[in-house]
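Nothing here was measured: the structure is a model prediction, and the numbers come from that model. The analysis underlying the following values was restricted to heavy atoms, covering all of them including side chains, and did not include hydrogens, waters or symmetry mates.
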Amino acid sequence: MKKEGIGQICFRTDNINNLQQHLHNQNLKTLPIFDGSRVRDDGKRIQWKMLFIEEMDPSIPFPFFIEWAENDDIRLAELKNSGFIHPTLENSYIELIQWPVPDYKQAARSLSLLFQEKIVINDAMQITQITAGKTKIQLFSEDGQESLIKECKIKISPPLKNGPLYVNGVVYE
C-alpha cells in the first residue's frame, strides 16, 4: 500500500548537460533531458529542463534535477512580487528532511554514487544522513522495515512561527 509523504527530492542545477555527463561518468543511467514550460496566470512563459536518473533501487527514489531558464535572482524577485513567497519566509531554507525508508544501509549503497563523501551512516540511530548545501537529509528505518509510526518531516530554518504544518503526510516545522 502506498502512503502519502515525500515522493522524490529535487535539486537545482546551473548546468544540466554537465551534470548529466557527470552522472554518466559515475555509471548512473539517465533519461533524456526533458524541456518543460508553462504559461503563468500573468501571461509570462516560464521554462526549465529536468533530468531524471533511471531507478536502480525502486525502494529508494533518486532525486531529480531542474535547471531554470532564468537566473535565481530574477526568479526570486518575481516570486516575491507575485506574493508566492511570503516576506516572513524570504530568508528561510530547509534545514532537515527526515524520510522513512525500508533499509537505511541499502539507501546509503544506492545513493553513494550520487553523494559520495557526503553520506554518513549512523547504525545506533539507524539513519543514513546526506548533506546537500545547508540541508541534511536523513533516511531512517527501524529493524530493517520502513517506519509506519514516524512521518516524513521537513524542518525549516528559522522555524515556522505558528507551529507545525501537516500537508499530504509530511510535517513541516
Side-chain angles (χ1 to χ4, degrees), residues 1-41 44-76 78-79 84-85 92-121 127-141 144-147 150-156 167-172:
M1 180 171 124
K2 195 164 180 105
K3 60 182 185 168
E4 292 183 340
I6 299 172
Q8 198 171 14
I9 295 174
C10 177
F11 290 106
R12 181 183 66 232
T13 182
D14 292 329
N15 192 323
I16 209 159
N17 294 312
N18 284 352
L19 175 61
Q20 184 180 45
Q21 185 59 52
H22 173 75
L23 295 173
H24 289 172
N25 292 344
Q26 298 298 318
N27 294 319
L28 292 168
K29 292 182 181 178
T30 65
L31 299 175
I33 293 172
F34 170 78
D35 291 317
S37 69
R38 73 174 178 87
V39 177
R40 295 190 320 207
D41 290 343
K44 180 174 179 175
R45 175 174 298 282
I46 57 173
Q47 297 177 304
W48 61 87
K49 294 179 181 184
M50 293 190 300
L51 177 63
F52 294 85
I53 298 171
E54 284 188 24
E55 294 293 326
M56 295 179 356
D57 180 348
S59 67
I60 311 296
F62 277 83
F64 70 97
F65 304 89
I66 191 165
E67 178 183 327
W68 294 98
E70 290 185 321
N71 74 39
D72 289 344
D73 293 335
I74 293 171
R75 286 187 55 249
L76 179 60
E78 287 185 352
L79 290 170
F84 190 77
I85 294 180
S92 297
Y93 67 95
I94 297 174
E95 179 180 326
L96 175 67
I97 299 171
Q98 293 178 318
W99 190 354
V101 296
D103 184 336
Y104 71 102
K105 287 184 179 180
Q106 178 60 36
R109 284 189 293 274
S110 294
L111 296 172
S112 64
L113 288 174
L114 192 57
F115 294 101
Q116 297 166 349
E117 73 280 349
K118 297 176 182 180
I119 291 181
V120 175
I121 298 173
I127 289 175
T128 293
Q129 182 167 292
I130 301 164
T131 302
K134 293 195 246 179
T135 304
K136 290 182 177 33
I137 303 166
Q138 293 179 343
L139 307 167
F140 64 91
S141 54
Q145 298 296 314
E146 183 172 359
S147 173
K150 294 183 180 179
E151 302 169 284
C152 298
K153 290 186 180 179
I154 296 179
K155 184 177 179 184
I156 299 170
V167 180
N168 294 332
V170 180
V171 180
Y172 294 85

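Judged purely by atom type and a 3.5 angstrom limit, Ser92 has no side-chain atom pairing as donor or acceptor with the backbone of Ile156. In this structure a side-chain-to-backbone donor-acceptor pair under 3.5 Å is missing from Gln47 to Ala69.
To the nearest 0.5 angstrom, Ile130 atom CD1 is 5.0 Å from Leu139 atom CG. Note: Leu96 CG to Ile137 CD1 = 9.5 Å, rounded to the nearest 0.5 Å. Rounding to the nearest 0.5 Å gives a distance of 4.5 Å between CD1 of Ile85 and CG of Leu79. Here the CD1 atom belonging to Ile33 is positioned 5.0 Å from the CD1 atom belonging to Ile16, to the nearest 0.5 angstrom. Taken to the nearest 0.5 Å, the CZ atom of Phe62 stands 11.0 Å off from the CD atom of Glu54. Rounding to the nearest 0.5 angstrom, the gap separating the CG atom in Leu51 from the CD atom in Glu67 is 10.0 Å.
The shortest side-chain heavy-atom distance between Phe65 and Phe11 falls under the 4.5 Å cut-off. Side-chain contact check for Leu111 versus Thr128: every heavy-atom pair is 4.5 Å or farther apart. Put simply, the side chain of Ser141 does not reach to within 4.5 Å of the side chain of Pro102, judged on heavy atoms. Two residues are said to be in side-chain contact when any heavy atoms from C-beta on lie closer than 4.5 Å; Leu23 and Gln20 fail this criterion. For the pair Trp48/Arg12, no side-chain contact is recorded, criterion being any heavy-atom separation below 4.5 Å from C-beta on.
Nearest heavy atoms, Phe64 versus Met50: CE1-SD, 3.8 Å. Taking every heavy atom of both residues into account, Glu70 and Arg75 meet most closely at O-CD, 3.7 Å. Between Ile74 and Asn71, the shortest heavy-atom distance links the atoms N-OD1, 2.9 Å.
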Thr30/His24 under side chain to side chain contact (heavy atoms under 4.5 Å, CB included): CA gap, chis, key distance, verdict: CA-CA 7 Å; Thr30 65; His24 289 172; 2.9 Å; yes
Side chain to side chain contact (heavy atoms under 4.5 Å, CB included) between Tyr104 and Ile127, intermediate numbers included: CA-CA 6 Å; Tyr104 71 102; Ile127 289 175; 5.5 Å; no
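A search for ring-ring contact (aromatic ring centres under 6.0 Å, His included) contacts involving Tyr93 returns nothing, not counting sequence neighbours.
Defined by atom type and a distance below 3.5 Å, a donor-acceptor pair is missing between the side-chain atoms of Gln21 and Asn17.
Under a 4.0 Å N-O distance rule, the pair Lys155/Glu95 qualifies as a salt bridge.
The stretch residues 19-35 participates, sequence neighbours left out, in no salt bridge (charged side-chain N to carboxylate O under 4.0 Å, His left out) pair at all.
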